[in-house]
2 protein chains.
Amino acid sequence: MGRWQPDARARLQEAALALYGERGYDETTVAEIAERAGLTKRTFFRYFADKREVLFWGSELLEQQMVAAIEAAPAGASPLGMIGAALDAAAQRFEEVRDFTGPRHRIIASSRELQERELIKAASLSAAMAQALRARGVADNAATLTALTGTTLMHVAFEQWVDDPQRRPFALFAGDALAQLRDIAATG
Amino acid sequence: MGRWQPDARARLQEAALALYGERGYDETTVAEIAERAGLTKRTFFRYFADKREVLFWGSELLEQQMVAAIEAAPAGASPLGMIGAALDAAAQRFEEVRDFTGPRHRIIASSRELQERELIKAASLSAAMAQALRARGVADNAATLTALTGTTLMHVAFEQWVDDPQRRPFALFAGDALAQLRDIAATG
DNA sequence: AAGGGTGATGTCACCTGGTGTCATCAGACT
DNA sequence: AGTCTGATGACACCAGGTGACATCACCCTT
């Protein structure tokens with residue numbers, strides 16, 4: 001056994017999730033999180049850029065998987081078809097982490113600071129998907145618009161999925177959202 | 001003349017815009033803004049909730065005008081038609097403040113904190129428009145999805161409008177974005 | 001076995017954003 | 001003249017965040 005307990009990062013994440021849940025985000029101090037993890041405030045900031053980021057570690061993975069799905073979409077797929085592929089990838093990831101997602105989502109919903117951070121993560125995802133769409137030959141503006149629309153679809157589907165007492169699959173809600181978007185765009 | 005210079009809020013806004021532009025957001029201190037306005041740090045925080053908010057004063061006005069446009073849309077208008085009306089209202093407001101918009105937008109683009117704040121303002125706008133759509137009889141989910149889509153359209157159009165050397169009207173870009181969205185939704 | 005890296009952590013000092021509390025004082029009102 | 005009021009200043013304080021340096025178990029080399 002080494003000098004230090006292993007998995008400092010994971011311990012900090014667990015401590016933060018627990019404390020944010022028990023006492024609220026604003027009422028929790030970084031020093032308290034660190035103490036619960038057996039570390040110091042300084043070490044917390046070596047692993048996470050700020051007090052918010054501890055809840056968003058791993059969000060790059062979702063982004064990478066959705067981008068990869070766009071890159072791997074069949075030739076000749078429409079822009080919205082490629083977004084559909086990205087949403088399928090998101091569905092898979094969400095189902096994997098389903099049990100962590102609910103509590104985490106409630107914590108984020110309780111704090112404006114955390115909502116801001118989540119929104120900029122979504123913006124980053126949109127930008128990455130837009131880039132991937134351009135690489136697949138989608139025109140500049142259309143890529144931006146399609147990627148933003150894809151993020152909107154994901155958001156709407158996520159909100160329904162995370163609160164669904166029947167725990168139906170994410171893909172179901174994503175499909176509904178896409179169909180509804182088509183309906184809205186056509187009926188106008 | 002009173003004991004204090006009038007328009008403390010406006011002076012703080014001007015000082016902040018100038019300093020954020022000259023030296024950058026991160027390198028500017030609230031104490032410096034206050035000093036430039038002839039006030040103290042404590043007074044700054046009486047007018048603005050935080051260092052970011054000073055750039056977003058008045059954003060409720062845009063929200064109110066877009067909501068009012070939805071409320072005033074002709075009976076029988078489609079959801080996307082009501083969003084079109086809201087975008088027309090936004091166009092009017094944007095043209096009014098065009099000269100302030102460019103510098104302000106560049107400052108926001110230079111700071112992650114400020115981008116986060118702008119994103120949550122957009123989210124607030126989406127929520128308000130969704131509520132207005134529901135009040136006009138649009139179904140719950142469709143209202144959310146339509147409002148988010150409207151915000152996306154506004155964002156895309158805004159980015160093109162603010163950087164347009166020919167200074168063409170916002171409504172032009174908004175119309176293009178809407179047409180492009182219809183195309184994307186249909187082709188897929 | 002001795003000795004010198006190495007890397008994760010601790011310690012400490014410091015800055016800044018943000019807030020609570022109380023004092024101050026010009027002008028309005030009585 | 002006396003009092004009230006509202007905007008501001010002064011001051012102390014907390015928490016997030018950072019830079020600089022010390023510490024020390026482990027590993028590697030000789």
Side-chain angles (χ1 to χ4, degrees), chain A residues 1-57 107-108 110-118 120-121, chain B residues 1-57 107-108 110-118 120-121:
Chain A
M1 197 179 97
R3 179 182 179 191
W4 303 286
Q5 301 287 326
D7 290 322
R9 167 168 276 126
R11 268 154 50 218
L12 287 167
Q13 283 179 297
E14 285 166 26
L17 198 68
L19 286 171
Y20 291 169
E22 291 167 16
R23 322 175 33 179
Y25 172 81
D26 285 332
E27 288 69 38
T28 300
T29 259
V30 172
E32 290 167 347
I33 298 170
E35 189 187 4
R36 177 142 168 173
L39 296 165
T40 62
K41 174 186 151 189
R42 193 67 186 83
T43 298
F44 177 95
F45 287 113
R46 287 198 178 97
Y47 283 98
F48 303 104
D50 57 46
K51 190 186 169 187
R52 298 163 277 298
E53 204 65 16
V54 64
L55 283 180
F56 294 91
W57 188 260
I107 291 169
I108 292 172
S110 75
S111 156
R112 179 177 168 151
E113 276 185 28
L114 291 172
Q115 288 170 55
E116 288 185 336
R117 182 56 49 88
E118 182 157 78
I120 207 168
K121 296 289 181 186
Chain B
M1 192 179 100
R3 178 181 180 191
W4 304 284
Q5 302 287 324
D7 290 323
R9 166 168 276 126
R11 270 154 49 220
L12 286 166
Q13 283 179 298
E14 285 165 25
L17 198 68
L19 287 171
Y20 291 169
E22 291 167 15
R23 323 176 31 179
Y25 173 80
D26 285 332
E27 288 70 38
T28 300
T29 258
V30 172
E32 290 168 347
I33 298 171
E35 189 186 5
R36 178 143 169 172
L39 296 165
T40 62
K41 173 187 150 189
R42 193 66 186 85
T43 299
F44 178 95
F45 287 113
R46 288 198 179 97
Y47 282 99
F48 303 103
D50 57 46
K51 192 186 169 187
R52 298 163 277 297
E53 206 65 16
V54 65
L55 283 180
F56 294 91
W57 188 259
I107 291 169
I108 291 172
S110 75
S111 156
R112 179 178 166 149
E113 274 184 30
L114 292 171
Q115 288 170 54
E116 288 186 336
R117 182 55 51 87
E118 182 158 77
I120 208 167
K121 296 288 182 187

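Throughout, protein chains are lettered first and strands after them, A, B, ... in sequence-line order, and every chain is numbered starting at 1.
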Residues from residues 29-37 of chain A sitting under 4.0 Å of DNA chain C, heavy atoms only?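 Those residues: none at all.
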Within residues 42-55 of chain B, which residues have any heavy atom lying less than 4.0 Å from an atom of DNA chain C?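 Within residues 42-55 of chain B, the residues near DNA chain C are Arg42(B), Phe45(B), Arg46(B), Ala49(B), Asp50(B), Lys51(B), Arg52(B).
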Quickly work out the [X] [atom1] to [N] [atom2] distance and round it to whole Å.
X: Glu113(B); N: dG16(D); atom1: CD; atom2: C1'; answer: 11 Å
X: Lys41(B); N: dC11(D); atom1: NZ; atom2: P; answer: 13 Å
X: Tyr20(A); N: dA15(D); atom1: OH; atom2: P; answer: 14 Å
X: Asp7(B); N: dA7(D); atom1: CG; atom2: P; answer: 13 Å

Return the set of residues passing salt bridge (Lys or Arg N to Asp or Glu O under 4.0 Å) with Arg23(B) (not counting sequence neighbours), or none when no residue passes.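 Arg23(B) satisfies salt bridge (Lys or Arg N to Asp or Glu O under 4.0 Å) with Glu32(B) only.
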Sequence neighbours excluded, which residues qualify as salt bridge (Lys or Arg N to Asp or Glu O under 4.0 Å) partners of Glu113(A)?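 Here the qualifying residues are Arg52(A).
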side-chain contact (heavy atoms from CB on, under 4.5 Å) evaluation trace for Tyr25(A) with Lys51(A): CA-CA 9 Å; Tyr25(A) 172 81; Lys51(A) 190 186 169 187; 3.6 Å; yes
Quick check: on DNA chain D, is the nucleotide nearest Asp26(A) upstream (toward 5') of the one nearest Gly38(B), or the reverse? Name the residue that is more 5'.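 Whichever sits nearer the 5' end wins; that is Gly38(B).
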Below the 4.0 Å mark, does dG10(C) have OP1 or OP2 next to a side-chain nitrogen or oxygen of Thr40(A)?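 Indeed, a polar side-chain atom of Thr40(A) lies that close.
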Interatomic spacing from CH2 in Trp57(B) to CD in Gln13(B) - rounded to 0.5 Å: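 Between Trp57(B) CH2 and Gln13(B) CD, I get 8.0 Å after rounding to 0.5 Å.
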Distance in Å, Ile33(B) CD1 paired with Phe48(B) CZ, rounded so as to fall on 0.5 Å steps: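 Reported to 0.5 Å precision, the distance equals 9.5 Å.
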Could you tell me which residues satisfy side-chain contact (heavy atoms from CB on, under 4.5 Å) with Arg112(A), sequence neighbours excluded, listed by chain and number?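 With neighbours one apart ignored, the set is Glu116(A), Glu53(B), Arg117(B), Ile120(B), Lys121(B).
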With sequence neighbours left out, what residues match Phe56(B) under ring-ring contact (aromatic ring centres under 6.0 Å, His included)?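 Scan of Phe56(B) (ring-ring contact (aromatic ring centres under 6.0 Å, His included), adjacent residues dropped) gives none.
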Quick check on side-chain contact (heavy atoms from CB on, under 4.5 Å): which of Ile108(A), Asp26(A), Thr28(A) does Tyr20(A) satisfy it with?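 Only match with Tyr20(A) under side-chain contact (heavy atoms from CB on, under 4.5 Å): Thr28(A).
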